[in-house]
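Note that the structure is predicted; figures quoted are calculated from it, not measured. In what follows, every heavy atom counts, from backbone to side chain, and hydrogens, waters and symmetry copies are set aside.
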Amino acid sequence: MSGLFDVVKKAYLALRRRPKAAQTRTNQLEESRTTQLEPTNKLVPIQTMRAHTNVVSAIAFFKDGRQIVTASRDKTLRICNVNEGVLVGEPFAEHSDAVTSVAVSPDDRRIASGGRDGVIVIWDVD
């Protein structure tokens, strides 16, 4: 019986020392991700803008690519002209807490925003 115990013990120890298949796949995946994510050339910002008094939490481009709408923890949305680097109009202020999401309608005429206040607001851009 002790002979069988020794065989089982050796098999257990051998298996315990081997890397688990999942760990091996994870390590290989991490290595391939690292290799793929290494930049070939440095990305440089083409423009920076300040539009809010608190953290910007969401951004959406208008279809034409010339304007963006930003949502912020300062409870507002702002439209920015990215070509000229200027704010367009006044802030959209209807939320009572941080604005966390924003989307522009396909025709660029409306903006939808959602916030921590649990409210969804539809804005007319025109």
Side-chain angles (χ1 to χ4, degrees):
M1 187 87 161
S2 69
L4 180 60
F5 177 75
D6 289 338
V7 170
V8 171
K9 183 178 175 182
K10 284 180 183 178
Y12 169 76
L13 292 174
L15 286 174
R16 190 169 175 208
R17 280 186 234 124
R18 273 189 14 202
K20 294 179 183 171
Q23 286 177 334
T24 304
R25 280 193 301 269
T26 302
N27 291 344
Q28 290 170 348
L29 186 57
E30 286 174 0
E31 288 172 12
S32 68
R33 283 183 186 160
T34 303
T35 303
Q36 292 173 358
L37 294 178
E38 291 177 7
T40 55
N41 45 353
K42 187 177 178 183
L43 295 176
V44 179
I46 59 170
Q47 184 175 18
T48 59
M49 297 167 34
R50 292 220 180 262
H52 294 279
T53 59
N54 205 324
V55 174
V56 175
S57 52
I59 300 171
F61 268 93
F62 282 80
K63 189 170 50 178
D64 64 6
R66 294 182 299 186
Q67 295 186 111
I68 58 174
V69 59
T70 59
S72 173
R73 287 186 185 171
D74 68 7
K75 307 174 190 176
T76 67
L77 292 102
R78 297 296 308 252
I79 295 177
C80 305
N81 182 313
V82 294
N83 289 345
E84 299 173 19
V86 297
L87 297 172
V88 177
E90 297 297 316
F92 294 81
E94 185 67 29
H95 288 277
S96 62
D97 202 348
V99 185
T100 56
S101 61
V102 65
V104 179
S105 67
D107 63 2
D108 286 348
R109 297 178 66 183
R110 292 191 176 157
I111 296 170
S113 62
R116 287 193 175 164
D117 56 7
V119 176
I120 297 169
V121 181
I122 307 297
W123 308 88
D124 227 355
V125 178
D126 295 336

With a 3.5 Å cut-off and sequence neighbours excluded, list the donor-acceptor pairs that the side chains of residues 82-95 form with protein atoms.
{"from": "His95", "atom 1": "ND1", "to": "Asp117", "atom 2": "OD1", "distance (Å)": "3.3"}
{"from": "His95", "atom 1": "ND1", "to": "Asp117", "atom 2": "OD2", "distance (Å)": "3.2"}
{"from": "His95", "atom 1": "NE2", "to": "Ser113", "atom 2": "OG", "distance (Å)": "2.8"}

Distance-only check: which donor-acceptor pairs under 3.5 Å involve side-chain atoms of residues 55-71, not counting sequence neighbours?
{"from": "Ser57", "atom 1": "OG", "to": "Ala71", "atom 2": "O", "distance (Å)": "3.3"}
{"from": "Ser57", "atom 1": "OG", "to": "Val99", "atom 2": "O", "distance (Å)": "2.3"}
{"from": "Lys63", "atom 1": "NZ", "to": "Pro106", "atom 2": "O", "distance (Å)": "3.0"}
{"from": "Asp64", "atom 1": "OD1", "to": "Arg66", "atom 2": "N", "distance (Å)": "2.9"}
{"from": "Asp64", "atom 1": "OD2", "to": "Arg66", "atom 2": "NE", "distance (Å)": "3.2"}
{"from": "Asp64", "atom 1": "OD2", "to": "Arg66", "atom 2": "NH2", "distance (Å)": "3.1"}
{"from": "Thr70", "atom 1": "OG1", "to": "His52", "atom 2": "NE2", "distance (Å)": "2.6"}
{"from": "Thr70", "atom 1": "OG1", "to": "Arg78", "atom 2": "O", "distance (Å)": "3.4"}

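A 4.5 Å side-chain heavy-atom check between Thr76 and Thr53 finds every atom pair outside the cut-off.
For the pair Arg110 and Ile122, the tightest heavy-atom approach, listed with the atom from each and the gap, is CD-CG2, 3.8 Å.
Interatomic distance, CD1 of Ile111 versus CG of Asp108, reported as 9.0 Å (0.5 Å rounding).
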